[in-house]
2 protein chains.
Amino acid sequence: MNAPTASVSLNNIKVACSQCNLRELCLPVGLTEQEFSKLDALVGGRRKVKRGQSLYRAGDPFEAIYAIRTGFFKTDLLLEDGREQVTGFLMAGEIMGMDGISNEAHTCNAVALEDSEVCGIPYAMLEQLQQEIRALQHHFYKVMSREIVRDQGVMMLLGSMRAEERLAAFLLNLSQRFTARGYSPTDFHLRMTREEIGSYLGLKLETVSRALSAFQESGLVNVQQKHIQIVDIDGMKKMLSRQANC
Amino acid sequence: MNAPTASVSLNNIKVACSQCNLRELCLPVGLTEQEFSKLDALVGGRRKVKRGQSLYRAGDPFEAIYAIRTGFFKTDLLLEDGREQVTGFLMAGEIMGMDGISNEAHTCNAVALEDSEVCGIPYAMLEQLQQEIRALQHHFYKVMSREIVRDQGVMMLLGSMRAEERLAAFLLNLSQRFTARGYSPTDFHLRMTREEIGSYLGLKLETVSRALSAFQESGLVNVQQKHIQIVDIDGMKKMLSRQANC
DNA sequence: CGCGGGTTTGATAACTTTCAACCTACGTGG
DNA sequence: CCACGTAGGTTGAAAGTTATCAAACCCGCG
């Protein structure tokens, strides 16, 4: 057993991307061993973020992007009057902070919704490494592009759906992302409050609550506080295509 | 006079980025002459798109991104039921098509709202050239990041503003972009219909029309069909910060 | 055991959409 | 060159959806 000695600080434990069970979510496939070892050297190390704490705040100088190892985050913007607009919810394997590239400062806040751990990837080094690993460059463009496509989807949701449709789309999206991580597609725990869901969906918290109650009423879901059980996932999907029938 | 012979097809006229008066909008600053000549070789050539025509459609294989030389575009998604969601309006110097990187296919349609001309930039070659010109890599990441930030702004608009606030934000955004291109900040021509504005802002065309009428009523703007004259630009800006006072 | 954040539910108000009629400008073809 | 057709725009009244305000509830935690 190679137990670490006391002199090895926990902070020095580097992430080994090559060993990470999330690498298929966050890295390109088909890297060589050599490429992996370069990558392992790049990743700056893990950082724990306690529930409620910020990983970064709007205005902070941009230095790194972050891959979530464990936990759950929201990103939001604060308006002058103190109201917040949640712009995204992020889970393990997803990448945060790319908004900061354009101005060399973050434009939103990233707040942990549960105790979480992230891998920091210093951006300057990432740009450097992309010169050496073409697959990484290609992959990273894809990641950013995916973010743009995701945002377009949210714009569509906010621009053209009604409250219940928005909530159905939201739950189905979560379901799909949990599935991709090996969790149940139909049973999950909401890490965010109704107010945060509402902010993300452009609704008030009461409206979110009412929509959930309505779904329960129709037998689409069981809601117990933050625990959601999707009973009729096809019925939920029909809520989205329903617009096609009007 | 070096008049082209008949054998010189118009299609062969290459763009010279180094000569383009929009290069400051679309390229990094500080490129060397040598770098510029590489770039000139890269850009695939101009393409004219007549009003109403598509530059690309959702589902088209992704081959290139496009910089707008002249004209005006909208990007939109078509829902199953035929309704459209406009996701952006783009003008000279702006770059389109980055949504296509993630799936190697475009996810939206790009339609010219007036006779336009674009520079196609084959994506594979762009990735290649970034290996040679670091400044280009950095710049292009910034462009994509800016797109993400822009989308966040739209999400905020759709998620937390009322009809008149949305329209005010929209007009001020146009004003600012026209200004950056040397046009009047207060006098401009809308290239899109009320319906397209409405789709972009998550409103019905009648609501857009009413909001414009209300602005005219309050002496904020003069509206004559598609010609907009902003009379009280500070008043418009107050419409946005107004939320802070409630 | 009680407090407080988060949630649910009801009644009312505010906003936006819908439906409908009418108007305006522009391009086409006689 | 003018008339007419049509797409786009404006306005009004009614309906629908969501927000707001208010009260009560639930549950975890100190």
Side-chain angles (χ1 to χ4, degrees), chain A residues 51-52 74 79 81 83-86 111 113-115 157-171 189-218 221-228 239 242-243 246, chain B residues 50-52 74 81 83-86 111 113-115 157-168 170-171 189-218 221-228 239 242-243 245-246:
Chain A
R51 174 177 171 177
K74 71 173 175 184
L79 291 77
D81 65 347
R83 274 186 314 188
E84 76 166 336
Q85 168 74 32
V86 173
V111 180
L113 295 181
E114 61 183 36
D115 292 355
L157 179 145
L158 291 171
S160 70
M161 291 186 187
R162 312 233 242 71
E164 294 191 5
E165 293 168 346
R166 293 183 199 186
L167 192 65
F170 173 70
L171 293 176
H189 185 82
L190 297 177
R191 273 75 171 183
M192 69 297 279
T193 66
R194 304 286 192 261
E195 186 168 20
E196 287 161 337
I197 298 172
S199 171
Y200 181 62
L201 298 179
L203 302 168
K204 292 295 159 190
L205 69 94
E206 295 95 330
T207 307
V208 173
S209 178
R210 276 184 242 272
L212 279 174
S213 301
F215 285 171
Q216 176 140 290
E217 197 72 16
S218 344
V221 299
N222 276 325
V223 186
Q224 237 145 14
Q225 297 296 121
K226 301 207 161 169
H227 180 234
I228 298 283
M239 296 231 46
R242 190 186 59 66
Q243 1 178 316
C246 301
Chain B
K50 284 225 165 298
R51 174 178 170 174
K74 71 173 175 186
D81 65 348
R83 275 187 313 188
E84 77 166 336
Q85 168 75 32
V86 173
V111 180
L113 295 181
E114 60 181 37
D115 292 357
L157 179 147
L158 291 171
S160 71
M161 292 186 186
R162 312 231 245 71
E164 293 190 5
E165 295 168 345
R166 294 183 199 187
L167 192 65
F170 174 70
L171 293 176
H189 185 82
L190 296 178
R191 270 77 171 183
M192 69 297 279
T193 67
R194 304 287 192 260
E195 186 167 20
E196 286 162 337
I197 297 172
S199 171
Y200 181 62
L201 297 178
L203 303 168
K204 293 294 158 189
L205 68 94
E206 295 95 329
T207 308
V208 173
S209 178
R210 277 185 243 271
L212 280 173
S213 301
F215 286 171
Q216 175 140 291
E217 197 73 15
S218 346
V221 300
N222 275 326
V223 185
Q224 237 144 16
Q225 296 296 121
K226 301 206 162 172
H227 180 234
I228 299 281
M239 296 231 45
R242 190 186 59 64
Q243 359 177 319
N245 307 331
C246 301

Rounded interatomic separation in angstrom, taking [atom1] from [X] and [atom2] from [N]:
{"X": "B/Leu113", "N": "D/dG8", "atom1": "CG", "atom2": "C1'", "result": "14 Å"}
{"X": "A/Glu164", "N": "D/dT17", "atom1": "CD", "atom2": "C1'", "result": "11 Å"}
{"X": "A/Arg51", "N": "C/dG6", "atom1": "CZ", "atom2": "P", "result": "8 Å"}
{"X": "B/Leu190", "N": "C/dA25", "atom1": "CG", "atom2": "C1'", "result": "16 Å"}
{"X": "B/Lys226", "N": "D/dA7", "atom1": "NZ", "atom2": "P", "result": "14 Å"}
{"X": "B/Leu167", "N": "C/dC15", "atom1": "CG", "atom2": "P", "result": "16 Å"}

Quick one: is C/dG5 close enough that its OP1 or OP2 comes under 4.0 Å of any side-chain N or O from A/Thr193?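 So the side-chain polar atoms of A/Thr193 never come under 4.0 Å of the phosphate oxygens OP1 or OP2 of C/dG5.
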Can you tell me if CD on A/Glu195 sees more than 12 non-hydrogen neighbours from other groups inside 6.0 Å?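 Incorrect, the count does not exceed 12.
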If you fit an axis to the five pairs at each end of the helix from C/dC1-D/dG30 to C/dG30-D/dC1, how big is the angle between those two axes, to 10 degrees?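 It works out to 30° between the end axes.
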Could you tell me which non-hydrogen atom of A/Met239 sits nearest to which non-hydrogen atom of A/Ala168, and how far apart they are?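 Shortest heavy-atom contact: CB-CB, 4.0 Å.
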Would the distance check show the side chain of [X] and the main-chain N or O of [Y] forming a donor-acceptor pair, the cut-off being under 3.5 Å?
{"X": "B/Glu114", "Y": "B/Arg51", "answer": "no"}
{"X": "A/Ser213", "Y": "A/Ser209", "answer": "yes"}
{"X": "A/Arg191", "Y": "A/Leu113", "answer": "no"}
{"X": "A/Gln216", "Y": "A/Val223", "answer": "yes"}
{"X": "A/Arg166", "Y": "A/Leu201", "answer": "yes"}

Residue-level proximity of residues 197-208 of chain B to DNA chain C when a heavy atom falls under 4.0 Å: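 The answer is B/Gly202, B/Leu203, B/Lys204, B/Glu206, B/Thr207.
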Charged N-O contact under 4.0 Å between B/Lys74 and B/Glu84: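 Yes, B/Lys74 and B/Glu84 are salt-bridged.
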So, under a plain 3.5 Å distance rule, would you say the side chain of A/Arg194 forms a donor-acceptor pair with the base of C/dG5?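 Checked by distance alone, the answer is no.
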Report yes if a donor N or O on one partner sits less than 3.5 Å from an acceptor N or O on the other, where the partners are the side chain of B/Arg210 and the base of D/dG9; otherwise report no.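 In this structure, the two groups form no donor-acceptor pair.
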Do A/Thr193 and A/Glu196 come close enough that some side-chain heavy atom pair is under 4.5 Å?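 Result yes, sub-4.5 Å side-chain heavy-atom pair found.
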Which listed nucleotide (C/dT16, D/dT10, D/dT18) is nearest to the side chain of A/Arg162?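 For A/Arg162, the side-chain atoms sit closest to D/dT18.
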Kindly point out which of D/dC27, D/dG8, D/dT10 is positioned nearest to the side chain of A/Gln225?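 The answer is D/dC27, which lies nearest to the side chain.
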